[in-house]
Number of protein chains: 2
Amino acid sequence: MRESTGGTRERIKAVALELFTEQGYEKTSLREIAERLNVTKAALYYHFKSKDDIVASFVEDRLEQMDALTAWADSQPATLATRRALISRYADTMFGGDMPSVMRFFEQNQTVLKSLSSGQQMRGRMMRLASALCRGDDSPAAQLRATLSLFAVHTSWFAVRAPGISDGERRRLALEVADELLAAIGAEPDEDSASTSTAGARG
Amino acid sequence: MRESTGGTRERIKAVALELFTEQGYEKTSLREIAERLNVTKAALYYHFKSKDDIVASFVEDRLEQMDALTAWADSQPATLATRRALISRYADTMFGGDMPSVMRFFEQNQTVLKSLSSGQQMRGRMMRLASALCRGDDSPAAQLRATLSLFAVHTSWFAVRAPGISDGERRRLALEVADELLAAIGAEPDEDSASTSTAGARG
DNA sequence: GTCTATACAGCGATAGAC
DNA sequence: GTCTATCGCTGTATAGAC
């Protein structure tokens, strides 16, 4: 390992992630982070180029995770079973996995992440995941359903207001609703869903 | 009318809404707004108590709009038809209505609005709308479905990446998916959806 | 290589003059 | 109703101690 002084860099990451998630990126100052670690603001600048760079540091791992997820999906047949397995694996990374906290941070800081480069990368990965979820059906309805199924996983964290509900139940609930959305992808359109179908060429 | 100098207050509101939506609340400075109006920062403080207060000013109208929507829903029978009519009216305020721009601002600034008082009010109204959407079925699944149906309306703005798709088509699409989600509310559970059942094993 | 001290321009906000 | 001047704070940058 490269940290020689007891992993100050890792401690910064941990505290920053906690504070950013709790009170938001913009409302958390570097002074606040530094004080919590009993160092000065400037010390942070030895370990990170900027405030944004702190975010980038703990987003990178997550990017690789999502890339792996997308790559796996693309190697599977474009069936409902694959879609369901994909959303289930995605839920694993949100609920049980090694870093659900990073995703909570992301969910909490959507706005500011739009202007952060790492946020835009994350956004791109999200869209690619949604694309993987509706492979074989690039209709607008399928795109919307795929995106909403990802949202179901995110939303189950705060939308469900039940007294003593557990994380496991939230996960199961999210997948139940997500599965229904995914089941409607790839099915033949029973209505006039033709509309503007210029049959977009997708890469 | 109360504006004597040509409606400076209204001009501030208009410029602020535009900039906040375009580049985000935190990344827009009062100096930027003031310069655009050829006044100084301090002049803004005659018209508004704070930066937050500018947001509150154009959020208030929207709150009343949502209150009216919720009140109407509560006066109707708790049927699927009511739910569908409600989400349709909601989509009207997002797409065709008088101020879709305010909603776009909201969608763009979710994070910061969590700490703004007007944002919390808005959040509360959103939850009440979701509650109205699942009246008669307070199961966790129903709450999740109701929330997602609102998200379907929001999400259709950016999740659907089709070349020349129109606002009307986005609206129709959003309602198609939302209707499916709403149809599953209040229906008798055909599975082991017995709420607190600890049987979470899904494969 | 790790950190402190110090400085800077810009921020939201306030006080008081015109 | 709008100004100038100022406050404490922010993210960022650099010089230099160990």
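Keep in mind that the numbers below use all heavy atoms, side chains included, and drop hydrogens, waters and symmetry copies. Quick caveat: nothing in here was measured; it's all calculated off a predicted structure. Just so we're on the same page: letters track the sequence lines, and every chain starts at 1.
- Comparing D:dA13, C:dA13, D:dT4 against the side chain of A:Ala42 picks out D:dA13 as the nearest.
- The distance from atom CZ of B:Phe48 to atom P of C:dA13 is 13 Å, rounded to the nearest whole Å.
- In this entry the distance linking OH of A:Tyr25 with C1' of D:dT10 reads 12 Å, nearest Å.
- Rounded to whole Å, the distance from CD1 on A:Ile54 to P on D:dT10 is 14 Å.
- Under 4.0 angstrom from either OP1 or OP2 of D:dT12 there lies at least one side-chain N or O belonging to A:Tyr45.
- Rounded to whole Å, the distance from CG on A:Asp53 to P on D:dT12 is 10 Å.
- No more than 12 heavy-atom neighbours from other residues, nucleotides or ligands sit within 6.0 angstrom of NZ on A:Lys27.
- In this structure, A:Arg11 atom CZ and C:dC3 atom P are separated by 8 Å, rounded to whole Å.
- In summary, of the residues considered (A:Thr70, A:Val59, A:Asp67), a side-chain contact (heavy atoms from CB on, under 4.5 Å) with A:Arg125 occurs for A:Asp67 alone.
- Classification of the A:Phe105-A:Phe58 ring pair by plane angle, with boundaries at 30° and 60°, yields perpendicular.
- Under 4.0 angstrom from either OP1 or OP2 of D:dC9 there lies no side-chain N or O belonging to A:Arg31.
- Note on B:Ser29: every side-chain N or O is 4.0 Å or more away from OP1 and OP2 of C:dG10.
- Summarising the geometry, atom CZ belonging to B:Phe158 is positioned 9.5 Å from atom CE belonging to A:Met127; distances are rounded to the nearest 0.5 Å.
- Between the NZ atom of A:Lys51 and the P atom of D:dG11 there is a distance of 4 Å, rounded to whole Å.
- Residue B:Lys41 is the one, among B:Lys41 and A:Glu26, whose nearest nucleotide of DNA chain D lies closer to the 5' end (criterion: closest heavy atom).
- Looking at heavy-atom distances under 4.0 Å, A:Thr40 makes contact with a base.
- Rounded to a whole Å, the NZ atom of A:Lys27 is 13 Å from the P atom of D:dG11.
- As rounded to whole Å, 20 Å separates atom P of C:dA7 from atom CG of A:Leu30.
- The aromatic ring centroids of A:His154 and B:Phe151 lie 6.0 Å or more from each other.
- OP1 and OP2 of C:dG1 both lie 4.0 Å or more from every side-chain N or O belonging to A:His47.
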